[in-house]
Participant: 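One structure coming up, written as C-alpha cells, with questions to follow.
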Amino acid sequence: MASPHSTAMDTPTGSHPSTPVDGPAHRSDAPVTPSAGPSTASSAGPSTNRSPRHTHRPSYPYRREDHHTTALTHALVAAGRGYAVIPLTRAKLPAVRSPHHADQATAPCRGACGQLGHGIHDATADPLAVRRLFAAAPWATAYGIACGVPPYHLIGIDLDTKHGADGLTALRLLAEEHLVALPPTVTVRTPSGGHHLYFSGPPSPPVPNSAGRLAPGIDIRGTGGYLVGPGSHTSRGAYTLTPGTPRTPTPAPPALLHLLTHLPHTTPPRPTLHTPSTPAPALLRFVRTAPNGQRNARLFWAACRAHESGLGQEMTTALTTAALHTGLSEREARATIASAGRR
C-alpha cells in the first residue's frame with residue numbers, strides 16, 4: 001500500500017530526456033537582465049565644472065530571450081532519446097497551421113497528404129523532421145511530447161492546482177484506496193505550480209485521455225494526446241524539470257494501469273434531468289457538502305461531469321445555487337462552471 005507521501009515526486013534520481021546538458025532544464029532559460037542605461041549630463045551651455053559623461057553599458061549585448069530556439073533545442077534532445085515531438089504555440093496548441101483548414105472534406109487527413117500541419121500526427125523523433133517542423137512555425141515557443149507511441153507508449157498524469165484543486169493530494173488518496181505504489185518517475189513542474197508525471201505503458205490496451213474524470217485536479221494524457229515538454233515557454237510561464245528526475249519514464253504499476261483504462265464513460269447524448277441514470281442529484285449533493293478548501297474543486301469536477309453528460313447548460317443554475325450554499329460568490333461559481341465548459 002502506498003504511503004500518502006511516497007509519490008513519484010519524492011525521491012527521483014537522474015536527469016530528464018529533454019535536458020540538453022546534465023543540469024536543470026531551466027538553466028538555459030534564465031532571463032538576461034541589462035545593467036542601468038546611460039545617464040547623460042545636461043548640455044545647456046558650456047561650463048568649466050561640467051561633469052564627465054557617464055555611460056553604463058552591459059558587458060554583453062542585451063537581447064530578448066529566444067524561446068523558439070530554446071524550445072527547439074529541448075525538443076531535439078527529447079527526440080534524440082526516442083520521444084516524438086511537435087512544436088507548440090504559447091497557447092499550447094500545435095503551431096503548424098493545417099493545410100486543410102479551408103477544406104470541406106468529410107474525413108480528416110492524418111498526414112497522408114505528405115504536408116505538415118496535422119497536429120499530433122506530425123509528431124516525430126527524426127531530428128531533421130523536427131527542425132523542419134520548427135522552421136515551418138518560427139512563432140513556436142514550446143513543444144509537445146506525444147503520448148501512446150513507441151518506444152515508451154507514454155502516459156502523462158497532469159496534477160493541477162487551479163480552481164482550488166489539489167491533484168497531488170487526490171492522486172495520493174487514490175493510490176492508498178486502490179493499493180497503488182507510485183514509484184519515482186520523470187516529473188515536470190508546470191507554470192501554475194502543478195506537475196506532470198511521465199510513465200511508460202504497454203502497447204495495449206490504449207490509455208484514453210480524460211480531464212478530471214479520475215478525480216478533481218487530475219487529467220490523463222494517453223493515446224492521441226501530448227504533454228508540454230520541459231524547456232517550453234507558454235503564455236502562463238515556463239515548464240521546468242524537477243531536479244533529480246529519472247532519465248526515462250518508469251513503467252506504470254499494473255494497478256495504476258487498471259485505474260486509467262477503466263475510467264467511467266460518458267453517458268449517452270442528450271439525456272434529461274428527469275432520466276433515472278442522470279447523476280444530477282448526486283452532483284448537486286457533492287457540491288453542497290463541500291468543506292472549506294474544496295468548494296471550487298468540487299464545483300469544477302461536478303461541472304465537468306455535467307458537461308460530459310450533456311447537461312452543462314441545464315445544470316448551470318442548479319450548480320450555481322449549490323455553490324452559493326457553500327459560501328462561494330455567484331461570480332466565483334459562474335467562473336468555475338464556465339471554465340469546466342471550456343475543457
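Here, residue 1 is the first one in the sequence, and each next residue gets the next number.
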Participant: Quick one, Thr289 with Thr326, criterion side-chain contact (heavy atoms from CB on, under 4.5 Å). Give me CA distance, side-chain angles, the key distance, then yes/no.
Facilitator: CA-CA 7 Å; Thr289 58; Thr326 68; over 6 Å; no

Participant: Given the rule in the side-chain contact (heavy atoms from CB on, under 4.5 Å) test, do Leu173 and Glu177 qualify, once you have shown the distances and angles that lead to the verdict?
Facilitator: CA-CA 6 Å; Leu173 293 174; Glu177 179 183 353; over 6 Å; no

Participant: Thr190: what forms a side chain to side chain donor-acceptor pair (under 3.5 Å) with it, not counting sequence neighbours?
Facilitator: Ser192

Participant: By ring pair (Phe, Tyr, Trp, His ring centres under 6.0 Å), which residues pair with His118, not counting sequence neighbours?
Facilitator: His100

Participant: List the atom of His196, the atom of Val228, and the distance in Å for their closest heavy-atom pair.
Facilitator: ND1-O, 3.9 Å

Participant: Is there a chain of hydrophobic side chains (I, L, V, M, F, W, Y, each step under 4.5 Å between heavy atoms) that links Leu284 to Leu328?
Facilitator: yes

Participant: Ile145, Leu133: one ILVMFWY side-chain cluster at the under-4.5 Å cut-off?
Facilitator: no

Participant: Report the residue from Thr185, Leu168, Thr245 that forms a side chain to side chain contact (heavy atoms under 4.5 Å, CB included) with Leu197.
Facilitator: Thr185

Participant: Main chain of Gly212, side chain of Asp219: is a donor-acceptor contact present, judged purely on distance under 3.5 Å?
Facilitator: yes

Participant: In terms of hydrophobic clusters joined by side-chain contacts under 4.5 Å, are Leu260 and Val180 together?
Facilitator: yes

Participant: Could you tell me whether a side-chain N or O of His68 sits under 3.5 Å from a main-chain N or O of Pro138, the two making a donor and an acceptor?
Facilitator: yes

Participant: Are His195 and Arg189 linked by a side-chain donor-acceptor pair shorter than 3.5 Å?
Facilitator: yes

Participant: Quick check against the 3.5 Å criterion: does Arg298 have a side-chain atom that pairs as donor or acceptor with the backbone of Phe286?
Facilitator: yes

Participant: Please list, chain by chain and in numerical order, all residues satisfying side-chain contact (heavy atoms from CB on, under 4.5 Å) with Ala137, sequence neighbours excluded.
Facilitator: Ala95, Val96, Trp139, Ala140

Participant: Does His258 have any ring pair (Phe, Tyr, Trp, His ring centres under 6.0 Å) partners at least two apart in sequence or in another chain, and if so, which?
Facilitator: His262

Participant: Checking side chain to side chain contact (heavy atoms under 4.5 Å, CB included) against Tyr198, which of Thr250, Thr187, Val188, Thr248 comes through?
Facilitator: Val188

Participant: Go through it in stages, so that I can follow the logic: the residues are Ile157 and Ile218, the test is side-chain contact (heavy atoms from CB on, under 4.5 Å), and I'd like the CA-CA distance, side-chain angles, deciding distance and then a yes or no.
Facilitator: CA-CA 7 Å; Ile157 300 182; Ile218 301 180; 4.0 Å; yes

Participant: Check which hydrophobic residues are tied to Val149 through side-chain heavy-atom contacts below 4.5 Å, counting indirect links as well, and list them.
Facilitator: none

Participant: Could you report the tightest heavy-atom contact between Gly231 and Thr70, atom names first, then the distance?
Facilitator: O-CG2, 3.6 Å

Participant: Any salt bridge (charged side-chain N to carboxylate O under 4.0 Å, His left out) pairs touching residues 125-153, not counting sequence neighbours?
Facilitator: none

Participant: Cluster partners of Leu93, using ILVMFWY side-chain heavy atoms under 4.5 angstrom, listed by chain and number?
Facilitator: none

Participant: In chain order, what residues pass the side chain to side chain donor-acceptor pair (under 3.5 Å) check against Thr169, with sequence neighbours excluded?
Facilitator: Asp166

Participant: Would you say Arg90 and Arg236 make side-chain contact, with heavy atoms under 4.5 Å?
Facilitator: no

Participant: Using the side-chain contact (heavy atoms from CB on, under 4.5 Å) rule, take Leu72 and Val130 through it: C-alpha gap first, then chi angles, then the decisive distance, then the call.
Facilitator: CA-CA 8 Å; Leu72 172 59; Val130 172; 4.1 Å; yes

Participant: Backbone N or O of Thr223 within a donor-acceptor pair of the Asn209 side chain at under 3.5 Å?
Facilitator: yes

Participant: Over all heavy atoms of both residues, which pair between Arg288 and Ala322 is shortest? Give the atoms and the distance, please.
Facilitator: CG-CB, 3.6 Å

Participant: Which value, rounded to the nearest 0.5 Å, describes the distance between Thr336 atom OG1 and Asn296 atom CG?
Facilitator: 4.0 Å

Participant: Output all residues satisfying side chain to side chain donor-acceptor pair (under 3.5 Å) with Ser200, sequence neighbours left out; order by chain, then residue number.
Facilitator: none

Participant: Testing the basics here: between Ala79 and Val85, what is the closest heavy-atom pair and its distance to 0.1 Å?
Facilitator: CB-CG2, 4.4 Å

Participant: Same cluster or not: are Leu256 and Leu174 linked, directly or through other Ile, Leu, Val, Met, Phe, Trp or Tyr residues, by side-chain heavy atoms under 4.5 angstrom apart?
Facilitator: yes

Participant: Please name all residues satisfying side-chain contact (heavy atoms from CB on, under 4.5 Å) with Ala333, sequence neighbours left out, ordered by chain then number.
Facilitator: Leu299, Thr320, Ala323

Participant: Report yes or no: do Val186 and Leu76 belong to one cluster of Ile/Leu/Val/Met/Phe/Trp/Tyr joined by side chain heavy-atom distances under 4.5 Å?
Facilitator: yes

Participant: So do Tyr152 and Cys147 actually touch side chain to side chain, heavy atoms under 4.5 Å?
Facilitator: no

Participant: Suppose we screen for side chain to side chain donor-acceptor pair (under 3.5 Å). Which residues come up paired with Thr69, at least two apart in sequence or across chains?
Facilitator: Asp66

Participant: Applying salt bridge (charged side-chain N to carboxylate O under 4.0 Å, His left out) as the test, list every pair that has at least one member in residues 319-341; sequence neighbours left out.
Facilitator: Glu330-Arg334

Participant: Are His233 and Tyr239, when compared by the centres of their aromatic rings, separated by less than 6.0 Å?
Facilitator: no

Participant: Within this structure, what is the OH-CG distance for the pair Tyr143 and Leu88, rounded to the nearest 0.5 Å?
Facilitator: 10.0 Å

